[in-house]
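Written out below as structure tokens is the structure these notes cover.
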Amino acid sequence: MPEGPELALAGRYINEACGGLVFSGGAERSAVGRGPEVPFRSEAYRLGAAARGKELRLRLEPLGPGSPQALVFRFGMSGGFRLRPAASPPRHAHLRFLTRESPPRALCFVDARRFGSWRLGDAWQPGRGPCVLSEYQAFRENVLKNLDDKAFDKPICEALLNQKYFNGIGNYLRAEILYRLKIPPFEKARTVLEALKQQEQERRKKNSSLPPSKKLKLKRDNPDLLELCHTVPMEVVAAEKNLLDPDHADNHTAFKNWLQCYGVPGMSSLRDHNGRTIWFQGEPGPMVPGGECPLLPTGPAPALGGLEEEENHSQALLGRQLLQLLGALRPVALGDVACWLPPSTHWVLFQACSHVLSSPEGGGRGEGAPLSPSYSPHCLNGHGL
DNA sequence: AGTATATGTTTCCAAAACCTATACTT
């Protein structure tokens, strides 16, 4: 489960479930755990946790003599913490801290795949950037000050997994974040972020006369990509905080229901240059690996009439059919429609869409609906659509 | 039974390697 939100929730879980407990003894390590033995023993100590991006720091604080010990965990693909009866620990518990209760319980680091690990000491891994959840301002500045880094030569969907800049973002979050703005995942990262920087300056100029409350509302209603890197994971934390125990049966359901794009029927998916699956809707963007076509949406195809076969649609006819489409479907991006049609029709499609959007028949959906206002100009101009 | 997939990172500069569990196909 582990991306930034799961680490943040694990930290909260430890502090809430273990904050009032006294632990005793040493840390029991399994034979195959991916981390060092922990040189710590204490008759009575407390545990406290803090998360930063995809790392979690655990502090062992002796109540009597002895010096504290810190550990920094990464969860890999399957890591997490659970407080269980010491007599019946979960499978794949690789590090255990026993309480002084009778019968004792154990806080267990559980990790079936063992891609997770821990290190001794309280230092965060060098080279990981500020946390998207807990250090938003520093995170934002770190990205915008370093746009000349070659990390931003890559497609935005791949840059978003770079923990030097996006500490806490993982595969499901990148899909959900890009989906909110309908940014093509294989648009170049620098292009997207330079546009954002410019937009930020223009907005600041334009809004400087507004009262602070209006400014705040504008910001809330039109979040940019970097803001979404904070607010989208915050949504996950909020959605799951009443289900803090990672074993809770409803947890998975709540999370699945929250997802709008990742693994959702009807969305497209592709492998990125690292072989990871990126889920998205609409255009893949120019840096798509091998220039492959996106997989067709997995849901039922919308009825297109004769739209896809004929070459000589008049603009008016296409416009009418698009109106029907836009009315029949849930908020639709231009790219969604385009991916059902041969590329030879894309230019006409764009013309027709412009016509539909600028007409009153646009049905009130012209505002923000097929294309997100923060991205549309580039999306349309940059891809010959 | 075998295959493909998975919320991550490292080692090296792309693709394999590290692992287990689960769902789905012969």
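Below, chains carry the letters A, B, ... as their sequence lines are ordered, and counting in each starts from 1.
Remark: P of dT22(B) and CE of M77(A) are 15 Å apart, rounded to the nearest angstrom. In this structure, CZ of F166(A) is placed 15 Å from P of dG8(B), rounded to the nearest angstrom. Rounded to an integer number of Å, the gap from CZ of F75(A) to P of dT9(B) is 12 Å. Rounded to a whole Å, the CG atom of N274(A) is 12 Å from the P atom of dT9(B). Across the protein-nucleic acid pair, H94(A) atom NE2 and dT20(B) atom P stand 9 Å apart, rounded to whole Å. Summarising the geometry, the separation between CD on Q260(A) and C1' on dT7(B) is reported as 17 Å, rounded to the nearest angstrom. Following rounding to the nearest Å, L270(A) (CG) and dT5(B) (P) show an atom-to-atom distance of 13 Å.
Here R91(A) reaches the OP1 or OP2 of dA21(B): one of its side-chain N or O atoms lies under 4.0 Å away. The side chain of Q125(A) places an N or O atom within less than 4.0 Å of a non-bridging phosphate oxygen (OP1 or OP2) of dT10(B). For the pair R271(A) and dT5(B), the criterion of a side-chain N or O lying under 4.0 Å from OP1 or OP2 is met. For the pair R128(A) and dT9(B), the criterion of a side-chain N or O lying under 4.0 Å from OP1 or OP2 is met.
Out of dT7(B), dA6(B), dC18(B), the shortest distance to the side chain of Y172(A) is found at dT7(B). The listed nucleotides are dT7(B), dT5(B), dA21(B); the one nearest the side chain of H92(A) is dA21(B). Side-chain atoms of A112(A) lie closest to dA21(B) of the nucleotides dT10(B), dC18(B), dA21(B).
In this structure, Y262(A) forms no aromatic stack with the base of dT7(B), since the conditions of centre separation below 5.5 Å and plane angle below 30° are not both met.
Scanning atom types as modelled, one donor and one acceptor separated by under 3.5 angstrom connect the side chain of R113(A) and the base of dA6(B).
Remark on DNA chain B: of its neighbouring residues R74(A) and R114(A), the 5'-side contact belongs to R74(A), judged by nearest-heavy-atom nucleotide.
Ionic pairing of E3(A) and K54(A) is not present here: no N-O contact between side-chain nitrogen and carboxylate oxygen is shorter than 4.0 angstrom. The pair R91(A)-D111(A) fails the salt-bridge criterion, with no side-chain N (NZ, NE, NH1 or NH2) lying under 4.0 Å from an Asp/Glu carboxylate O.
Contact annotation: the side chain of Q125(A) approaches that of R119(A) to within less than 4.5 Å [non-hydrogen atoms, C-beta and beyond].
Here H273(A) lies out of heavy-atom contact (under 4.0 Å) with every strand. Heavy atoms of E55(A) sit nowhere under 4.0 angstrom from any nucleic acid atom. At a threshold of 4.0 angstrom between heavy atoms, the contacts of S78(A) with the nucleic acid are absent.
Nucleotides dA16(B) and dT5(B) are separated by 14 Å at their P atoms, to the nearest Å. Here the separation of dT22(B) from dC18(B), taken at their P atoms, is 22 Å to the nearest Å. Nucleotides dA1(B) and dC13(B) are separated by 37 Å at their C1' atoms, to the nearest Å. Distance noted for atom P between dC24(B) and dT9(B): 28 Å (whole Å). Rounded to the nearest Å, the gap between the C1' atom of dT10(B) and that of dT25(B) is 33 Å. Rounded to whole Å, the P atom of dA23(B) lies 33 Å from the corresponding atom of dT11(B).
Note on ring orientation: taking the six-membered ring where Trp is involved, the planes of W258(A) and F255(A) are parallel (angle under 30°, cut-offs 30° and 60°).
A donor-acceptor contact shorter than 3.5 Å is absent between the side chain of E6(A) and the backbone of P2(A).
Separation of atoms CG (L216(A)) and CG (D221(A)) is listed at 10.0 Å; rounding is to 0.5 Å.
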